[in-house]
Protein chains: 2
Amino acid sequence: MAIKRAKTMEDIARLANVSKPTVSRALRNSPLVTEETRRHVLDVATKHGYVINRNAQKLRESRANTIAVVLDFSSHRENRISDPFIFNLLAGVSEALGQRDQDLLLCSPAHSSVESLGSITTSRGADGIIFLGEGGRRDDLIALAERAVPFVVWGAVEKTLPYCAVGSDNFQGGFLAAKHLLDQGRSRFLFIGDTHHAEINLRRQGFIKALSEEMGARAANLVVSDMSLDDFSYGASHRAATEMVKGPRPVPDAIFAASDTAAMAVISAFRAAGLSVPEDVSVVGYNDIPASEHFHPPLTSVRQDVHVAGALLVEKLMLAIEGRSPQSTMLETRLIVRASS
Amino acid sequence: MAIKRAKTMEDIARLANVSKPTVSRALRNSPLVTEETRRHVLDVATKHGYVINRNAQKLRESRANTIAVVLDFSSHRENRISDPFIFNLLAGVSEALGQRDQDLLLCSPAHSSVESLGSITTSRGADGIIFLGEGGRRDDLIALAERAVPFVVWGAVEKTLPYCAVGSDNFQGGFLAAKHLLDQGRSRFLFIGDTHHAEINLRRQGFIKALSEEMGARAANLVVSDMSLDDFSYGASHRAATEMVKGPRPVPDAIFAASDTAAMAVISAFRAAGLSVPEDVSVVGYNDIPASEHFHPPLTSVRQDVHVAGALLVEKLMLAIEGRSPQSTMLETRLIVRASS
DNA sequence: TAATTTTTTGAAATGGATTTCATTTTGGAA
DNA sequence: TTCCAAAATGAAATCCATTTCAAAAAATTA
């Protein structure tokens, strides 16, 4: 008996008594084929369980209908804290791609340089790339923009960027947070976050801006301090916050953390030191991850809509692939006020 | 000027004054080519920024070196609660695949039936499939096992399963939880979880088993009750728990929730009703998601090692792809005891 | 040096779907 | 009924890397 080989288009053509091109056209709903023929071919194809060979198809069409999504798991893994926000964003992107019938190739930059990631497109494995986070490699991304590789980035949006970025309006987010804390009558402010990340830095700037505007209005009794961290992680935030409450300087009564994860860490550290939230300290986080709603106390947070974000990233990437140059976009942020502030 | 076209192997061959096969061999480190020739070809290739066309390659070799990972985002999305565990598992799988130089095609069953997912392999888009969760479609999976599609599943491990599954030892996990709660001297037990999921059901069985063993030993004053939920979500768990504390029957003093998310919901509901954890009620969760450590109170939980799980899933899938039939495996679970119990 | 073996190299076939362009068939007009 | 335009179909070329197998070159032996 002959070895069972997957059916090819040629096989179906033979079985349906038509030619290869006709099968191709029938399957692709081309108007160049009679309704009758199409139905017949489709029948034969389904009866024999034919599935098209996507590799052959991709080779012929130069389009892969596949998008590479680059997501840095590794940094998360090491801390054993995965900011769920990025995963939700991935879900958003996944859904948007699904709607457009695009496959999603998930890549980890840990295993390949941005440089080599770029070749994912030239190698036709994917038509374009979505970077979920700059991952501190902005220079690489800028370099990548020089080469004709279609890609978009979730991250900080700045006018000078040579590539298309989508991100929440971090400045506005920080601004909102500060306004809210000011409304609570707080006066000793602390920002927590790794300002090496452009996004985080913008949050801080918005925060500072709102405070300094107020400086003029109110008799300036505002204290602003910073706590820079090397990473997003819960652990780092917790340690830093614990140090801080032990320290000599006056303990802040209003904290804006650049992520909900960090906010939770800080609250936990403060509580351990006998301070209570929100009585002694108001805390505002960022991202409004699912857990925030259920934290104790429920966390006030700046929300970014991952659904919209995902759809937007995909939409813009599609434009880029078609050779057009999509504009960067900042997404409105919204302050979700809960008990922590 | 001619349109700039991506360089093909033929171009490189011409530029290097060798033939196409030689280029192919040089790039693939075949021993059939002189060291000198190889170096020369490599030089030319890198100088002209040549990248291989993976589609052509995949077409020729029948192996795609790509694994499809099926992950149901949608159920998570709707609840706006994404159990981070599954994402961590994804990270584990991603890493394991990266180490083996396999691409990861992320698929969402929402957009395609399991049936059609199966054709991902026959269409040569992927060599095999990893299902991250049965997603309540066990029948489909069983049907898929009939067809010669290499796949493995993260989920319940049962001897009768016609496919290879990897999962934590859910029975043991439940058993451990019960033992622990018994050790605390608790007597009114409650299990919370959607027993439609085989995994969850096993957790419940282990839980019950440990309790009934004790029944004999201790003067049986144990109350065991169940709370079945339609989904994993925080919201559903919270509502159910709120109902329960209002209800007439004696409130349990020991709860085993089938997920950390549910555990958190329950704690929050109980606390809202004036009960305190762990004084009035001990609570044990499952998965030991990152947030559990930082919850208030920190959550006792049954831990599953996502790293090991990811590696194992990949390893077994590779075997399956090679035509061998890998065994299912249960992973040891470990109880991480924290303040909630 | 001639003959033989071993090592390198290349021409052509292969994988499977799509597209171009020519050919056949059909429908309508004359 | 004949002829022309339109529609449907098919033969062959194409996409690009790999493999087979034959040929050429180099190394070895007689």
Side-chain angles (χ1 to χ4, degrees), chain A residues 3-42 44-45 48-66 119-127, chain B residues 3-42 44-45 48-66 119-127:
Chain A
I3 292 169
K4 202 153 128 205
R5 189 179 47 84
K7 295 240 176 318
T8 76
M9 195 169 266
E10 185 133 30
D11 297 328
I12 302 302
R14 199 174 317 114
L15 289 163
N17 273 319
V18 294
S19 70
K20 216 165 20 139
T22 301
V23 175
S24 174
R25 293 194 265 254
L27 295 175
R28 301 163 60 75
N29 289 329
S30 155
L32 279 86
V33 86
T34 328
E35 191 48 38
E36 193 194 335
T37 317
R38 178 199 322 295
R39 200 137 350 163
H40 175 221
V41 169
L42 250 54
V44 175
H48 291 82
Y50 169 76
V51 278
I52 204 164
N53 183 319
R54 302 206 87 220
N55 293 326
Q57 189 176 44
K58 287 180 185 176
L59 172 59
R60 189 58 237 255
E61 306 179 330
S62 40
R63 183 100 182 233
N65 288 317
T66 300
S119 66
I120 269 202
T121 58
T122 39
S123 77
R124 308 279 160 182
D127 304 317
Chain B
I3 292 167
K4 200 150 129 207
R5 189 179 48 83
K7 294 243 178 313
T8 76
M9 197 168 266
E10 184 132 31
D11 297 327
I12 301 303
R14 200 175 312 115
L15 290 162
N17 273 318
V18 294
S19 71
K20 215 166 21 137
T22 302
V23 175
S24 175
R25 294 195 262 254
L27 295 176
R28 300 164 60 74
N29 289 328
S30 158
L32 280 82
V33 85
T34 328
E35 190 49 39
E36 193 193 334
T37 319
R38 180 202 320 296
R39 200 142 343 166
H40 175 220
V41 169
L42 250 54
V44 175
H48 291 81
Y50 169 76
V51 278
I52 205 163
N53 183 317
R54 301 205 90 224
N55 292 327
Q57 189 176 44
K58 287 181 186 175
L59 171 59
R60 190 59 236 260
E61 307 179 329
S62 40
R63 183 98 184 236
N65 288 317
T66 300
S119 66
I120 267 203
T121 58
T122 39
S123 77
R124 305 279 156 183
D127 305 316

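So that the names make sense, note that chain A is the first sequence line, chain B the second, and so on, each numbered from 1.
Between A:A64 and A:G125, the shortest heavy-atom contact is CB-O, 4.0 Å. Residue B:I52 comes nearest to A:S123 through the heavy atom pair O-CB, 3.1 Å, listed as atom of the first residue, atom of the second, then distance.
Here B:K20 lies in heavy-atom contact (under 4.0 Å) with a base. When heavy atoms are screened at a 4.0 angstrom cut-off, A:R28 is found touching the sugar-phosphate backbone but no base atom. Within 4.0 Å (heavy atoms only), B:S62 reaches no atom of the nucleic acid at all. In this structure, A:V23 reaches neither bases nor backbone, as no heavy-atom distance under 4.0 Å exists between it and the strands shown.
Closest to the side chain of A:I52, out of D:dT9, C:dA17, C:dA11, is C:dA17. Side-chain proximity of A:T22 to the nucleotides D:dT18, D:dC15, D:dG10 is greatest for D:dG10.
Here C:dA17 presents its P atom at 17 Å from CG of B:N53, a figure rounded to the nearest Å. Atom P of nucleotide C:dG16 and atom CZ of A:R124 are separated by 22 Å, given to the nearest angstrom. Summarising the geometry, the separation between CG on B:N55 and C1' on D:dT14 is reported as 15 Å, rounded to the nearest angstrom. Atom CZ in B:R14 sits about 12 Å away from atom P in D:dA17, given to the nearest Å. At whole-Å resolution of the value, CD in A:E61 and P in C:dA17 are 12 Å apart. Atom pair B:L59:CG and C:dA13:C1' shows a separation of 13 Å (rounding to whole Å applied). Between the CG atom of A:L32 and the P atom of C:dT25 there is a distance of 18 Å, rounded to whole Å. One atom, CG of B:D11, and another, P of D:dC16, lie 8 Å apart when rounded to the nearest Å.
Distances shown here put a side-chain N or O of B:S24 below 4.0 Å from the OP1 or OP2 atom of D:dT18. The side chain of B:Q57 places no N or O atom within less than 4.0 Å of a non-bridging phosphate oxygen (OP1 or OP2) of D:dC16. Distances shown here put every side-chain N or O of A:Y50 at or beyond 4.0 Å from the OP1 or OP2 atom of C:dG16. In terms of phosphate contacts, A:T34 brings a side-chain nitrogen or oxygen within less than 4.0 Å of OP1 or OP2 of D:dT9. The phosphate of D:dC16 has neither OP1 nor OP2 within less than 4.0 Å of any side-chain N or O from B:T8.
Side-chain atoms of B:R60 stay outside donor-acceptor range of the base of C:dG16, with no qualifying N/O pair under 3.5 Å. The base of C:dG10 lies close enough to the side chain of B:R25 for a donor and an acceptor atom to sit less than 3.5 Å apart.
Partner of B:E61 under the salt bridge (charged side-chain N to carboxylate O under 4.0 Å, His left out) criterion, chosen from B:R124, B:R54, B:R28: B:R28.
When atom types are taken as modelled, the side chain of B:S30 and the backbone of B:L32 share a donor-acceptor pair closer than 3.5 angstrom. Between the side chain of B:T8 and the backbone N or O of B:E10 there is at least one donor-acceptor pair closer than 3.5 Å.
Annotation for B:E36: atom CD does not count as buried by contact number, only 12 or fewer foreign heavy atoms lying within 6.0 Å.
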